[in-house]
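Data block below; observations after.
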Amino acid sequence: MNNESTGAAPSGIDELCRQAAHLIEAAKGPLKSVRVQAGDLLVQVEWPEPGPAPNMQAAPNGQAVPNGQAVAWGRPEAAAPAGPEAGPGEDDGPFVVHAPLVGTFYHAPSPGAPPFAAVGDEMVAGQQVAIVEAMKLMNAVEVDRPGRVVEVLVPDGSPVEYGEALFVLAPV
């Protein structure tokens, strides 16, 4: 039974699911994943590569989802993108800053303003390097450790997917 049928106010997770559904509907092409986060709540949906029909399993919300789809509920740390890039504290080589969600990537706070980060700029941990806009919300993209911007991988105003590489930084 959902909150709408009981007349109760929607829970945070219900609202995040609605926002994820809105993003999916608004997409102009096939999606690999959708991630919507508000505070400690996170909804992430990933689609498997095309193939044979998957078996069904129960998601934490009780709805059936195909095996191979990842649906993460709870703390955002559990759904961080996996990859060969060095983790925080491993400063032996370049590292990548990833898109925190699906949306539109912007280099600057407004049109005509200087970019948050350009090639050669030194960044400190927690410093903003870009914005990803999703559903009219501007989400800061920050570096998790100090580094010097070596390459900007995405053009301004481009659509990005969750986990997509945006910047390459070298440790300082």
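The residues of the chain are indexed from 1 along the displayed sequence.
Its side chain within the 4.5 Å cluster rule, Met138 clusters with Tyr106, Phe116, Ile131 among the Ile, Leu, Val, Met, Phe, Trp and Tyr residues. Val124 forms part of no hydrophobic cluster, judged by ILVMFWY side-chain heavy-atom separations under 4.5 Å.
Of the candidates Leu166, Val97, Val168, Val168 is the only one forming a side-chain contact (heavy atoms from CB on, under 4.5 Å) with Leu153.
Of all heavy-atom pairs between Asn139 and Ala134, the closest is ND2-N, 4.0 Å. Taking all atoms of both residues into account, the shortest heavy-atom contact from Pro155 to Ser158 is O-OG, 2.8 Å. The two atoms that bring Ala108 and Ala113 nearest to each other are CB-O, 3.4 Å, heavy atoms only. Gln127 and Glu122 get closest at one heavy-atom pair: OE1-O, 4.0 Å. Of all non-hydrogen atoms in Glu142 and Gly126, the two that sit nearest each other are CD-O, 3.5 Å. Pro109 approaches Pro114 most closely through the heavy-atom pair CD-O, 3.6 Å.
Contact of the Asp121 side chain with the Arg148 side chain is not registered, since no non-hydrogen atoms from C-beta on lie closer than 4.5 Å. Taking the side chain as every heavy atom from C-beta outward, Val141 and Pro100 approach each other to under 4.5 Å. Annotation: side chain of Val150 is not in contact with side chain of Leu169 (no heavy-atom distance under 4.5 Å).
Note on Val129 and Val172: separate hydrophobic clusters, where clusters join Ile, Leu, Val, Met, Phe, Trp and Tyr whose side-chain heavy atoms are under 4.5 Å apart, directly or indirectly.
The CE atom of Met123 lies 12.0 Å from the CG atom of Asp144; values are rounded to the nearest 0.5 Å. Atom CG of Leu101 and atom CD of Glu133 lie 10.5 Å apart (nearest 0.5 Å).
With sequence neighbours excluded, no residue forms a side-chain contact (heavy atoms from CB on, under 4.5 Å) with Pro159. For Glu151, the side-chain hydrogen bond (donor to acceptor under 3.5 Å, both in side chains) test picks out no residue, with sequence neighbours left out. Phe105 meets the ring pair (Phe, Tyr, Trp, His ring centres under 6.0 Å) test with His107, Phe167; sequence neighbours excluded. Shown here are the side-chain contact (heavy atoms from CB on, under 4.5 Å) partners of Ala125, two or more places apart in sequence or in another chain: Pro146.
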side-chain contact (heavy atoms from CB on, under 4.5 Å) between Val160 and Val102: does it pass, once the steps are laid out? CA-CA 6 Å; Val160 295; Val102 174; over 6 Å; no

